[in-house]
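Presented below is the structure to which this report refers.
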Amino acid sequence: MKIEAHKSLQKYNTFGIDVKAKHFVSVKSIAELKNVISLKKYPNHFILGGGSNILFTKDIDALVIHLNLKGISIEKETEDHLYIKAMAGENWHEFVLYCIKNNYGGIENLSLIPGNLGTTPIQNIGAYGVELKDVFYECEAFDLKTKTQKCFSKTDCEFGYRNSIFKNSAKDKYIITSVTLKLTKKNHRLNYSYGAITDQLKKENTDLNIKAISKAVINIRQSKIPNPKEIGNSGSFFKNPIINSRAFSQFQKQYPQAPFYKLSEEHYKVPAGWLIEQTGFKGKRFGDAGVHKNQALVLVNYGSATGLEILNLAKNIQEQVSKKFNITLEPEVNIL
Ligand SMILES: Cc1cc2nc3c(=O)[nH]c(=O)nc-3n(C[C@H](O)[C@H](O)[C@H](O)COP(=O)(O)OP(=O)(O)OC[C@H]3O[C@@H](n4cnc5c(N)ncnc54)[C@H](O)[C@@H]3O)c2cc1C
């Protein structure tokens, strides 16, 4: 375990922002994690997973702990299900592919989401009609106060849309060290209700199974979302706003052509990408910071944008959307 000083984090965040960590360490076991947390010389910590949901706007004046805990194990099996545990540093998409190869169903719609296992409960990752909570069983986390491991059940996690207890009352209090999912071994419940998946499956004309759904999702994502290895980004920068029925009926009167998704009698979700597009930001570039040409919800770093330049662009978008629609856009990305 080597603690480095003034380490560039450019390679450790998908926006490719060049900030420095005052100190940096990569930990490979819970024992190493506990050891490093107890070092009096480094009282402030920042936990880093895959760096795909972070916008760094300044150097990090702390010990950045890169969680590199690895391992996958089957905890329990029934005739229909298995409880599979993965350590926090496992790459999410590689884990999805591993599950598909072994015919474990439930996470195929979440293919190609960047980042690590340990971070998936924090914002209850979701895509194409499935959220982590649909397959989540429990997670283990290191309690920074008591210095012990604690188990969080699905109820404990208080999952919501891109939300959980780890973004609220448990924020910065725990380090998630492993996640256990309950997946199906047979009679998989396939979810292809999203129009784009159905279209893609028709195009590919293959049997309907978890592998075909994963492949369809990968193809759709590759055609829509820029690859962070080619152009720095953090996926959707903002959450899709959820508005109440009163605000929605006013909005719809003014913009009858606007797409929406009815969540309940009381709540409607409006695509943030559409709102941004209407304010003319899609494809716009300001220096090296910009809004992607095909996906208005994705802010990009064309090369050497600073985190502050991306943040200013995000603020500008929020202001214009608020002015035009009276709707507040909330960032999905963690801004530091
Ligand atoms: C191209 C692209 C597409 C994306 N598409 C989607 C999508 O479809 N759906 C979706 O939900 N998300 C999507 N995302 C967002 C992102 O992939 C997820 O939020 C992912 O779970 C972040 O994981 P990470 O390991 O990279 O987190 P990081 O960015 O490393 O960390 C995020 C936050 O969690 C904290 N943290 C990290 N690990 C731990 C831990 N073990 N314990 C406690 N705190 C921790 C960090 O301190 C930070 O505050 C996308 C991102 C990109 C770049």
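Both ligands and their constituent atoms are indexed starting at 1 by order of listing. Both backbone and side-chain heavy atoms feed into the values below; hydrogens, waters and symmetry mates do not. The structure presented is a predicted model; accordingly, all values stated were derived computationally and were not measured.
Summarising the contacts of atom 16 (C) of ligand 1 with Ser52, Cys139, Ser111, the nearest heavy atom is found in Ser52.
For atom 28 (P) of ligand 1, the nearest protein heavy atom (residue, atom name, distance) is Gly51 N, 3.5 Å.
Residue contact check: Asn116 has heavy atoms under 4.0 Å from atoms 23 (O), 24 (P), 25 (O) of ligand 1. The distance from ligand 1 to the heavy atoms of Leu67 drops below 4.0 Å at these ligand atoms: 41 (N). The atoms of ligand 1 that sit less than 4.0 Å from any heavy atom of Tyr174 are 43 (C). Residue Ser234 approaches ligand 1 through these ligand atoms, each under 4.0 Å from one of its heavy atoms: 51 (C), 52 (C), 53 (C). Remark: ligand 1 atoms within the under-4.0 Å shell around heavy atoms of Ile122 are 34 (O), 35 (C), 36 (N), 39 (C), 43 (C), 44 (N), 45 (C). In summary, the atoms of ligand 1 found under 4.0 Å from a heavy atom of Thr14, numbered by their order in the structure, are 53 (C).
Stacking of Lys133 on the aromatic ring of Phe159 is not recorded, the 6.0 Å distance cut-off and the 45° axial limit not both being met.
Polar contact with ligand 1: absent for Ile225 (N/O pair, distance under 3.5 Å). Distances between N or O atoms of Ile113 and those of ligand 1 include no value under 3.5 Å.
In the hydrophobic clustering, where aliphatic and aromatic side chains (Ile, Leu, Val, Met, Phe, Trp, Tyr) are joined below 4.5 Å either directly or transitively, Tyr137 groups with Tyr83.
Between Lys20 and Asp59, no side-chain nitrogen of the basic residue sits less than 4.0 Å from a carboxylate oxygen of the acidic one, so the salt-bridge criterion is not met.
Qualifying side-chain contact (heavy atoms from CB on, under 4.5 Å) partners for Asp134, counting only residues two or more places apart in sequence or in other chains: Val130, Glu131.
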